[in-house]
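Every heavy atom of this structure was used, including side-chain atoms; hydrogens, water molecules and symmetry mates were not. Proteins come first, then strands; the chains are lettered A, B, ... in the order of their sequence lines, and each starts at number 1.
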Amino acid sequence: MAKDRKTFSEKVYAVVKRIPKGKTLSYMEVARRAGNPKAFRAVGNILNKNYNPDIPCHRVIRSDGSVGGYNRGEEKKKEILKREATLA
DNA sequence: CCCCTGACACTTA
DNA sequence: ATAAGTGCCAGGG
């Protein structure tokens, strides 16, 4: 088995970057793919502090279906989600 | 190493 | 359905 080359945050970025357009993954889904299904907390914390243009963090929402939060504004996030969902 | 923070999730009232 | 409390994990100082 390969070793944990990067930190949890790096894994989270990779997972989020893999999210297809018009698709939304919950924090727990991302945390699950990242390697720690219990780290959904850390996922949000990491995304919030490290907002990368290559990472569509707006596709990461809460398990309830709520958009959760967004560095640019939840309203904006919802708008993007709706737009991608319609176009995708 | 210890303490605090945080875009969450789940349970109970 | 809503509100409050609890448990979880990683990053930063």
Side-chain angles (χ1 to χ4, degrees):
Chain A
M1 10 202 292
K3 330 149 194 262
D4 306 63
R5 47 262 299 237
K6 262 73 197 264
T7 41
F8 186 78
S9 43
E10 292 290 313
K11 299 179 194 174
V12 174
Y13 301 137
V15 174
V16 178
K17 280 197 299 192
R18 278 174 187 181
I19 300 176
K21 184 180 165 202
K23 190 80 177 161
T24 47
L25 283 179
S26 55
Y27 292 94
M28 87 174 138
E29 290 289 307
V30 177
R32 191 192 230 306
R33 287 169 186 248
N36 279 22
K38 305 291 208 166
F40 42 78
R41 260 267 187 188
V43 174
N45 193 0
I46 291 159
L47 291 176
N48 170 301
K49 286 179 155 183
N50 295 294
Y51 179 68
N52 284 346
D54 294 312
I55 299 169
C57 30
H58 59 259
R59 286 188 193 150
V60 186
I61 59 170
R62 290 184 44 166
S63 61
D64 299 275
S66 306
V67 295
Y70 194 49
N71 293 351
R72 313 294 191 157
E74 291 126 72
E75 297 289 311
K76 197 69 178 172
K77 181 172 179 179
K78 287 197 296 194
E79 190 178 276
I80 298 167
L81 255 20
K82 191 169 157 200
R83 169 112 70 119
E84 302 223 320
T86 304
L87 292 176

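Between the P atom of dC8(C) and the CZ atom of R32(A) lies a distance of 18 Å, rounded to the nearest Å. One interatomic measurement links the two molecules: CD1 of I19(A) to P of dA7(B), which rounds to 19 Å at whole-angstrom precision. Here dG11(C) presents its C1' atom at 17 Å from NZ of K6(A), a figure rounded to the nearest Å. Protein atom CZ of F40(A) is 5 Å distant from nucleotide atom C1' of dC8(C), rounded to whole Å. The distance between atom CG of L47(A) and atom P of dA10(C), rounded to the nearest whole Å, is 14 Å. If you measure from atom CG of N50(A) to atom P of dC9(C), you get 20 Å, rounded to the nearest angstrom. Atom CZ in F8(A) sits about 16 Å away from atom P in dC8(C), given to the nearest Å. Distance D64(A) CG to dT2(C) P: 11 Å, rounded to the nearest Å.
Using a 4.0 Å heavy-atom distance criterion, N71(A) is classed as a base contact. Contact annotation for N36(A): backbone-only contact, meaning every heavy-atom pair under 4.0 Å involves sugar-phosphate atoms and none involves a base. Using a 4.0 Å heavy-atom cutoff across all strands shown, A39(A) reaches sugar-phosphate atoms only and no base atom.
If you run side chain to side chain contact (heavy atoms under 4.5 Å, CB included) between V12(A) and each of N50(A), L47(A), V60(A), only L47(A) comes through.
The base of dA7(B) sits within donor-acceptor range of the side chain of Y27(A), with an N or O pair under 3.5 Å.
In terms of position along DNA chain C, the nucleotide closest to K38(A) lies nearer the 5' end than the nucleotide closest to the other residue of the pair K38(A) and K49(A). Where V43(A) and S26(A) each meet DNA chain B at their nearest nucleotide, the meeting point lying more 5' is that of V43(A).
A salt bridge between E79(A) and K76(A) is present, with a side-chain N of the basic residue lying under 4.0 Å from a carboxylate O of the acidic one.
The side chain of I46(A) lies closest to dG11(C), out of dG11(C), dC9(C), dA7(B). Checking dG11(C), dA9(B), dA7(B) against the side-chain heavy atoms of S9(A) singles out dG11(C) as nearest. Residue N45(A) places its side chain closer to dT5(B) than to any other of dC10(B), dT5(B), dC9(C).
When every heavy atom of G22(A) is checked against every heavy atom of A88(A), the shortest pair comes out as CA-CB, 3.5 Å.
Within the structure, every side-chain polar atom (N or O) of R62(A) is placed at least 4.0 Å from both OP1 and OP2 of dA7(B). Look at S63(A) and you'll find a side-chain N or O under 4.0 angstrom from OP1 or OP2 of dC10(B).
We find the CD1-CD distance between I61(A) and E74(A) to be 13.0 Å, quoted to the nearest 0.5 Å. Summarising the geometry, atom NZ belonging to K38(A) is positioned 10.5 Å from atom CZ belonging to R32(A); distances are rounded to the nearest 0.5 Å.
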